Visitor: 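My questions all concern the structure below.
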Amino acid sequence: MARILVTGAAGFIGSHIAEQLLARGDQVVVLDDLSNGRREHVPAGSVFVEGDVRSAADIDRAFGALGGPIDAVCHLAGQASTFRSFDEPSWDMEVNGVGTARMLEGARRNGVGVFVFASSMTAYGPPPGLPVTEDMRCGPISFYGVTKWAAEQAVVLSARPESMGLRAVAFRMFNVYGERQSLTNPYQGVLGIFLGNVLRDEPIRIFGDGEQSRDFVYAGDVARAWIQAIDGSPEGATVLNLGTGTRTSINELWRASVAACGQDPDAWPVSYEDGRPGDQRHMVADISRASDVLGWAPEVTLEDGMARTVAWARTDEGATR
Ligand SMILES: NC(=O)c1ccc[n+]([C@@H]2O[C@H](COP(=O)([O-])OP(=O)(O)OC[C@H]3O[C@@H](n4cnc5c(N)ncnc54)[C@H](O)[C@@H]3O)[C@@H](O)[C@H]2O)c1
């Protein structure tokens, strides 16, 4: 049994990680300011600390909340929207950049050995080829991507013996989807936006021609990789893609979303608008390094994962409102 601090677990991905940790008998403390999460998403059995990852005092409260030393940190709290980062780059840099540096300082103060970080495929920007490997150069085209990349590199640096000596893992996550994803936030998560539209009987809006493509990975599979990283990542720093290696176009995705809700895609109203800044054209992950390093592979197909997400949305009263 280990003691794990998960930041951002009132949100979508963090709640899956906390849930899987608790299921195997770990003790979990959640630090989240509820700015974009929901208190009811924090899994039962975890200790909840409401607080801000930019505050050293809040961080130390979380580190002390389980009554013993924390073994590993999973840091996911942050602002997760590429598009909102264009409205408020300074806020993005504060929450995702300064917030991550404060969490690293908190890890050092509290003697933690393992730090796992939520980086993003947006760190790459337009890649020189597909599928994207971790060795490809990064050239982000959104403020969010810039900050994620900077924060990720701070995490990588923290692994050096002369800095903090952490065992550090940064996951460059592609498009994660699943239960507890926001279906109401128009800035975050295209699959959640489409499912929310269909479940509320709204038309779907596509930015660009819809032929841009993404790699959609189920949150339960992602959480499993995080836990394998806590248990078995190598010493030093490791950067890993988390995706499926499968490309899905936005046009394929909206049709699949309509069908997953039991409706007819041919009859659903769809409009096409200008593309948005920061929107990348094609992205798909090479996941061989995660397989080699962690022995990880995704298991849930897009069809199955969407079905699970729709089933959850239909039973959770707050999901679509
Ligand atoms: N969803 C994806 O596809 C995806 C892909 C790559 C990376 N990520 C990253 O993974 C992490 C989790 O993403 P998500 O989709 O679960 O988002 P989410 O918004 O559901 O979860 C983020 C959580 O962080 C909390 N938070 C925000 N600012 C905070 C602060 N200053 N202090 C404490 N808590 C704060 C929010 O309340 C929320 O509960 C984010 O860092 C995001 O950038 C997500």
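Just so you know, residue 1 is the first one in the sequence shown, and it goes up from there. Order of listing sets the numbers, starting from 1, for every ligand and every atom in it. No experiment lies behind these values; they were computed from the predicted model shown.
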Visitor: Heavy-atom contacts under 4.0 Å between H41 and ligand 1: side chain, backbone, both, or neither?
Guide: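 Neither part.
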
Visitor: Where on V95 is there a heavy atom closer than 4.0 Å to ligand 1, on the side chain, on the backbone, on both, or on neither?
Guide: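 Answer for V95: side chain.
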
Visitor: Closest by any non-hydrogen atom to atom 9 (C) of ligand 1: pick that one out of F171, F12, Y144.
Guide: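 Among F171, F12, Y144, the closest heavy atom to atom 9 (C) of ligand 1 comes from Y144.
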
Visitor: Identify, by atom number and element, the atoms of ligand 1 in contact range of L34, meaning under 4.0 Å from any of its heavy atoms.
Guide: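 What qualifies from ligand 1 is 37 (O).
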
Visitor: L253 and L183: same hydrophobic cluster, using ILVMFWY side-chain contacts below 4.5 Å?
Guide: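 In one cluster: yes.
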
Visitor: For atom 24 (O) of ligand 1, tell me which residue out of G37, G78, G11 has the closest non-hydrogen atom.
Guide: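 Heavy atom nearest to atom 24 (O) of ligand 1 belongs to G78.
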
Visitor: Side chains of T248 and R214: donor-acceptor distance under 3.5 Å anywhere?
Guide: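 No, R214 and T248 have no side-chain donor paired with an acceptor closer than 3.5 Å.
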
Visitor: What part of S119, side chain, backbone, both or neither, has a heavy atom within less than 4.0 angstrom of ligand 1?
Guide: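 Under 4.0 Å from ligand 1, S119 contributes backbone atoms alone.
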
Visitor: Check each of R180, H41, E179, R38 against S15 using the side chain to side chain donor-acceptor pair (under 3.5 Å) test, and report the only one that passes.
Guide: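 Output: one option passes, namely R180.
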
Visitor: Within ligand 1, which atoms have a heavy atom of A80 less than 4.0 Å away?
Guide: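 Per the distance check, 17 (O), 42 (C), 43 (O).
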
Visitor: Should the heavy atoms of other residues, nucleotides or ligands under 6.0 Å from CD of E303 be counted, would the total exceed 12?
Guide: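 Counting other residues, nucleotides and ligands, CD of E303 stays at 12 neighbours or fewer.
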
Visitor: Number the atoms of ligand 1 from 1 as they appear, then name those within less than 4.0 Å of a heavy atom of A118, with their elements.
Guide: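 It comes down to these atoms of ligand 1: 9 (C), 10 (O), 11 (C), 41 (O).
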
Visitor: Check ligand 1 against L76 and write out every atom of the ligand that is under 4.0 Å from a heavy-atom position of the residue.
Guide: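 Listed by number with element: 11 (C), 12 (C), 40 (C), 41 (O).
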
Visitor: May I ask whether R172 places a heavy atom under 4.0 Å from ligand 1?
Guide: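 False for this residue.
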
Visitor: For G51, take its heavy atoms, then give the atoms of ligand 1 lying under 4.0 Å from any of them.
Guide: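 Listed by number with element: 32 (N), 33 (C).
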
Visitor: Give me the ring orientation class for Y177 and F216: parallel if the planes are under 30° apart, tilted from 30 to 60°, perpendicular past 60°.
Guide: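 Geometry flag for F216 against Y177: perpendicular rings.
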
Visitor: In this structure, are over 12 heavy atoms from other groups packed under 6.0 Å from R289 atom CZ?
Guide: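 More than 12 heavy atoms, drawn from other residues, nucleotides or ligands, come within 6.0 Å of this atom.
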
Visitor: Output the distance between atom CG (L242) and atom CE (M173), rounded to the nearest 0.5 Å.
Guide: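 The CG atom of L242 sits 7.0 Å away from the CE atom of M173.
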
Visitor: Looking at side-chain heavy atoms only, is the closest gap between R281 and E211 below 4.5 Å?
Guide: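 Yes, close enough: below the 4.5 Å cut-off.
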
Visitor: What atoms of ligand 1 come closer than 4.0 angstrom to any heavy atom of F174?
Guide: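 So the answer, numbered in order with elements, is 3 (O), 5 (C).
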
Visitor: With atoms numbered from 1 as shown, which atoms in ligand 1 lie under 4.0 angstrom from a non-hydrogen atom of A77?
Guide: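 Heavy-atom distances to A77 below 4.0 Å select 24 (O), 33 (C), 34 (N), 35 (C).
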
Visitor: Among M173, E50, R39, which one has a heavy atom closest to atom 6 (C) of ligand 1?
Guide: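 It is M173 whose heavy atom sits nearest to atom 6 (C) of ligand 1.
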
Visitor: Show the atoms of ligand 1 that are less than 4.0 angstrom away from any heavy atom in G8.
Guide: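 Heavy-atom distances to G8 below 4.0 Å select 23 (C), 24 (O), 39 (O).
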
Visitor: Suppose we call two aromatic rings close when their centres sit under 6.0 Å apart. Are F117 and F171 close by that rule?
Guide: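 No, too far apart.
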
